[in-house]
Amino acid sequence: MIPLCDPLRCEAAGCGAATCVGAGIASNAEMFDRAEAVIPGGVNSSIRAFRSVGGRPYVVARAEGAHVIDVEGREYIDLVQSYGAVILGHAHPAVTAAVSEAATAGTSYGAPTPREMKLAEAVAARVPSCERVRFMNSGTEATSTAVRLARGYTGRDRVVIFHGNFHGATDALLAAGGSGVATLGLPGTVGVPAGAVAETLVVPYNQVPTLDEGVAAVVVEPVAANMGVVAPSPGFLEGLRVECDRVGALLVFDEVITGFRLGTGGAQQRFGVAPDLTAFGKVIGGGLPVGAVGGRAEVMSSLSPLGPVFHAGTLAGNPLATAAGLAVLNLLDDVVYSELERRAARLADLLADACATAGLNMSFPRVGTLVGVFCGSGPSPIDFDSARTTDEAMYAKFFHAMLAEGVAMAPGAYEALFVGLGHDDAVLDDVAERAARAAAAVAAAG
Ligand SMILES: *Cc1c(COP(=O)(O)O)cnc(C)c1O
């Protein structure tokens, strides 16, 4: 690797390289200190700061396939994959070429483009419930737009969400849940006024709530992947469909993680339940900032300019992001998904073997291509009350032991592990050896 320059001293050295990342010269600590002086907590998404596992983060200089390389030149097998946004592996040539080609034609116009139309067609062709698709810039925007649309379409205010599901940084969906009971209107974070969640009801996952005619929408992760990985119980999603239909509420699937990750048609295809609206993000942007809402034409036509529900975005349908998204969707088919599922199963098995051999009580619940981590001896979690019994201190130890072995997992006990096209069997063999050493080290340390 050729170091470009030292960004910590580049002003003094008169360095003009805009792309400089100081690879091979700066240390993670120096870089992160400098970030902390100008970015709150040194990060732009709070989990990246390592607060829940302790220690200081590695600072990424570049990535390729299954690997990320930090500014010190250290390489890690990456199981984060941008929290699932990357599915073909980092810097996949098809994505890189599509983005570079798009960039030479301009990065944003503020006018319709062929690519956004093609990406919408690609989504509609793969996900039958999405007759119409509107793009935006993040999963957070997708869920907040879906909620506004559902409220506007139904003329109702109440939104039902599930304890332990995550829908991004949207005020109305950042509501606190109680233990095993339905809770109404408690802000989930400081800064969310009580009024913003006054019409948000939080209920336990995997139980079908009884709704009334005040409910605009039920918003659900069809596979929960932000409290570890929790499968929907048989009948849960079907029950939500029936209950929503009974009272005229919209069923909104938050497929920001599961969309184009579990398979071509996402969780709704896998479980055979069609929502009214679907929120997408992550994979659909190929690692660039994208979100989307898809749904029945009749519901989607309530969005402006056809209908009264406002939506807008300066960069929505962005040429680079839609180019990346198209490149990714074009390479994903049933053959690729069954290979990804085989790799996910292998990852879950090898991690379970490593932990069992070392005598660690850890399990790796899996739904299709999604792998979770649960630190405890009980059965796999079914809701947030059971998911939160995970031993977070144990996760932190395993996380750091894996990192020391050069395997990067997400720095939080409730995140999923991701494999992509970069994680071939040679890489997974490597993960197996390193996980065995990491688990043994955790066991030895007590
Ligand atoms: C990541 C995620 C979001 C938020 O998406 P952003 O692009 O981070 O705003 C919403 N819902 C689910 C299920 C997610 O996993």
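Numbering of ligands and ligand atoms starts at 1, following listing order. Atom set for the values below is all heavy atoms of this structure, side chains included, hydrogens, waters and symmetry mates excluded. Bear in mind that the values here come from a model prediction, so they are computed numbers and not experimental data.
Under a 4.0 Å criterion applied to the non-hydrogen atoms of Ser138, ligand 1 contributes the atoms 7 (O), 9 (O). The His167 neighbourhood of ligand 1 comprises atoms 10 (C), 11 (N), with distances under 4.0 Å to a heavy atom of that residue.
Looking only at atom types and distance, the side chain of Glu141 has no donor-acceptor partner in the side chain of Ser144 under 3.5 Å away.
Atom 11 (N) of ligand 1 has Asp254 OD2, 2.7 Å as its closest protein atom, hydrogens excluded (heavy atom only). Nearest to atom 3 (C) of ligand 1 among the protein's heavy atoms is Val256 CG1, 3.7 Å.
A perpendicular orientation is assigned to the rings of Phe384 and His163, their planes being inclined by more than 60° (bins at 30° and 60°).
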Run His167 and Leu174 through side chain to side chain contact (heavy atoms under 4.5 Å, CB included) and show every step you take. CA-CA 8 Å; His167 304 296; Leu174 284 172; over 6 Å; no

Gln268 vs Ser129, side chain to side chain contact (heavy atoms under 4.5 Å, CB included): CA-CA, chis, key distance, verdict: CA-CA 9 Å; Gln268 52 196 275; Ser129 75; 2.5 Å; yes

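Contacts with ligand 1 closer than 4.0 Å are made by side-chain heavy atoms of Glu221 only, the backbone lying farther away.
Under 4.0 Å is where a charged nitrogen must lie from a carboxylate oxygen, and between Glu243 and Arg246 at least one such pair does. A salt bridge links Glu341 with Arg270: the distance from a Lys NZ or Arg NE/NH1/NH2 to an Asp or Glu carboxylate oxygen falls below 4.0 Å.
With rounding to the nearest 0.5 angstrom, the CG atom of Leu211 is 9.5 Å from the CZ atom of Arg156.
Remark: ligand 1 and Gly139 share an N or O pair separated by less than 3.5 Å (distance only, no angle test). Close N/O approach between Thr140 and ligand 1 is found [any backbone or side-chain N/O within under 3.5 Å]. For the pair Asn226 and ligand 1, the shortest N or O to N or O distance falls below 3.5 Å. On a distance-only criterion, Gly168 and ligand 1 share no N/O pair closer than 3.5 Å.
Proximity of Lys282 to ligand 1 is established by a heavy-atom distance of less than 4.0 Å.
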